[in-house]
Amino acid sequence: MPTENWSMIVTVSVALLIVYILSTLLQYIVNYWGHMLGINIETDMRKQLFQHVQKQSFKFFDNTKTGNIMSRITNDLMDIGELAHHGPEDLFISIMTFVGAFWIMFTINVKLALVALIILPFLGWLMIYSNIRMNRAWKKMYGEIADVNARVEDSVSGVRVVQSFTNEKFENQRFQANNKKFRKAKLGGYKVMSFSLSGIYMMTRFVTLAVLVVGAWLSYTNQLSYGELVGFVLYVNVLFKPIEKISALMELYPKGMAGFKRFTELMDEDPDIVDRKDAVEVKALRGDIRFEGVTFGYDNHKSVLQNIDLSINAGETVAFVGPSGAGKTTICSLIPRFYDVSEGAITIDGIDIRNMKKESLRSQIGIVQQDVFLFTGTLRENIAYGNLNATQEEIELAAKRAHLESVIASLPNGYDTQIGERGLKLSGGQKQRIAIARMFLKNPPILILDEATSALDTETEMIIQQALTELSKNRTTLVIAHRLATIRNADRIVVVTDEGIAEEGSHDELLERNGIFAKLHEVQFQK
Ligand SMILES: Nc1ncnc2c1ncn2[C@@H]1O[C@H](COP(=O)(O)OP(=O)(O)OP(=O)(O)O)[C@@H](O)[C@H]1O
């Protein structure tokens with residue numbers, strides 16, 4: 001073999017090698033960057049959704065299952081990144097190949113190209129039809145998986161109740177019912193997809209057959225050479241490539257779009273408690289609270305509170321007592337604007353709370369709830385939740401004032417002890433003290449104490465009571481009272497019944513009046 005041929009082979013091989021290496025590199029870059037673009041879009045949408053959910057009011061959370069929200073922020077967005085990456089790229093390449101192949105086919109033979117073109121309206125119809133059906137099916141599937149998530153969330157967080165009632169079988173049945181609905185919805189989507197893919201396959205094979213038959217006839221009648229016929233059939237196959245690519249998008253596109261629709265649905269849900277344009281920033285409020293003709297209902301049809309007038313002076317401790325469900329908690333939930341009044345107004349230091357910036361209003365109010373929520377993390381982090389900028393000294397002082405020192409000393413790693421999910425490793429009394437320590441750090445002028453209903457041992461109760469008395473010093477304090485201990489310390493007691501505020505006055509005044517409070521006192525005292 002002549003040497004120049006060898007050197008030619010070597011040159012071509014080296015050139016090919018370089019081309020291969022470069023194309024591999026390019027493929028890597030396109031693949032990686034393409035996915036990066038998709039992931040960035042997905043992450044950004046997830047961030048926006050999370051921020052939007054955080055802005056929602058209590059009403060939204062009252063009416064939306066936690067598992068459902070979780071599903072929307074996680075699952076629903078999974079396919080959007082893939083779609084964002086593959087969608088435009090695949091569609092562009094497919095359309096270009098499709099148009100190119102048709103153009104060449106027309107230059108070979110117009111009649112035969114027209115035969116191939118017949119497929120287009122049918123193909124278009126099938127794709128649009130399937131797309132609409134699949135969009136619906138995947139949207140339903142996302143809804144069903146959200147319900148599965150909600151069910152899991154419910155059963156897992158309530159597992160102690162489930163097991164104590166030995167209702168595992170019942171829970172399994174409920175879960176399986178949701179799981180089956182999900183299966184049905186997902187299968188529905190794949191049914192439409194299989195129909196559509198088979199339809200596309202059938203149409204493309206039909207075109208091949210039609211081209212072969214008509215092509216053979218054209219050759220027979222000398223309108224087409226054999227070479228042209230072979231070339232044409234080859235191009236028909238080129239035509240199928242983009243159709244196959246678009247078919248592959250048939251799953252991804254409606255899935256991504258269904259997720260996107262659920263994303264926009266939630267994003268369009270405007271938070272119902274927002275700052276007015278001219279809302280003012282409030283700082284260092286004194287804590288004079290007035291309810292002026294306040295009417296409120298959780299839904300528009302039924303009022304829980306009707307025409308309530310109430311004055312609480314700065315620095316005063318007011319206890320709310322009354323039968324269960326009368327509206328004590330509701331009254332207190334209106335002050336930080338967890339809900340907005342339907343009629344009337346609430347003012348603090350003479351300013352309507354709806355004219356205050358929500359964040360600044362809430363920074364002035366501290367709430368110690370019955371059920372203290374502890375985040376997974378260390379004890380230090382959980383106390384510091386009251387003020388994220390608190391120094392170690394401030395945290396320690398708050399812990400001391402909340403009588404937490406002995407608790408911390410007994411923990412294996414002191415402040416750095418990990419507190420399990422929902423603080424399961426701590427007792428009710430210990431959790432209460434963490435909530436109080438948070439309040440010392442937050443240091444708000446207004447305090448709302450939703451007194452724990454569960455009984456604590458006398459010593460713990462005394463310790464907590466001391467901490468609470470210390471906490472409420474120089475603050476306007478509202479206590480949703482269930483036990484008499486707190487009521488005795490109150491400057492004033494407000495008796496709330498289904499009819500509204502029934503009685504108001506000091507402990508002794510109310511006893512003397514011998515009304516509802518006196519009866520309530522008698523019942524509790526007899527216990
Ligand atoms: N988030 C809510 N959505 C709808 N209705 C609610 C909501 N919270 C409370 N309610 C209803 O409002 C009424 C007043 O409830 P609220 O919790 O204020 O009573 P309460 O006096 O604090 O009761 P308790 O002493 O049992 O805590 C009740 O009929 C209750 O069912």
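Order of listing sets the numbers, starting from 1, for every ligand and every atom in it. If you read the sequence from its start, that first residue is 1, and numbering goes on from there.
Residues satisfying the ring-ring contact (aromatic ring centres under 6.0 Å, His included) criterion with Y298, sequence neighbours excluded, are F296, Y339.
Ordered by chain and residue number, the residues placing a heavy atom less than 4.0 Å from ligand 1 are D62, Y298, V304, P323, S324, G325, A326, G327, K328, T329, T330, Y339, H482.
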* Please report the C-alpha distance between V318 and L310 in whole Å, then the side-chain angles of each, then the deciding distance to 0.1 Å, and finally whether the side-chain contact (heavy atoms from CB on, under 4.5 Å) criterion is met. => CA-CA 11 Å; V318 175; L310 178 70; 5.7 Å; no
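Ionic pairing of E82 and K255 is not present here: no N-O contact between side-chain nitrogen and carboxylate oxygen is shorter than 4.0 angstrom.
Counting only residues at least two apart or on different chains, the salt bridge (Lys or Arg N to Asp or Glu O under 4.0 Å) pairs with a member in residues 323-346 are R337-D340. Residue pairs that meet the salt bridge (Lys or Arg N to Asp or Glu O under 4.0 Å) test with at least one member in residues 383-412, sequence neighbours left out, are R401-E470.
Distance check: I348 CD1 to R286 CZ gives 11.0 Å after rounding to the nearest 0.5 Å.
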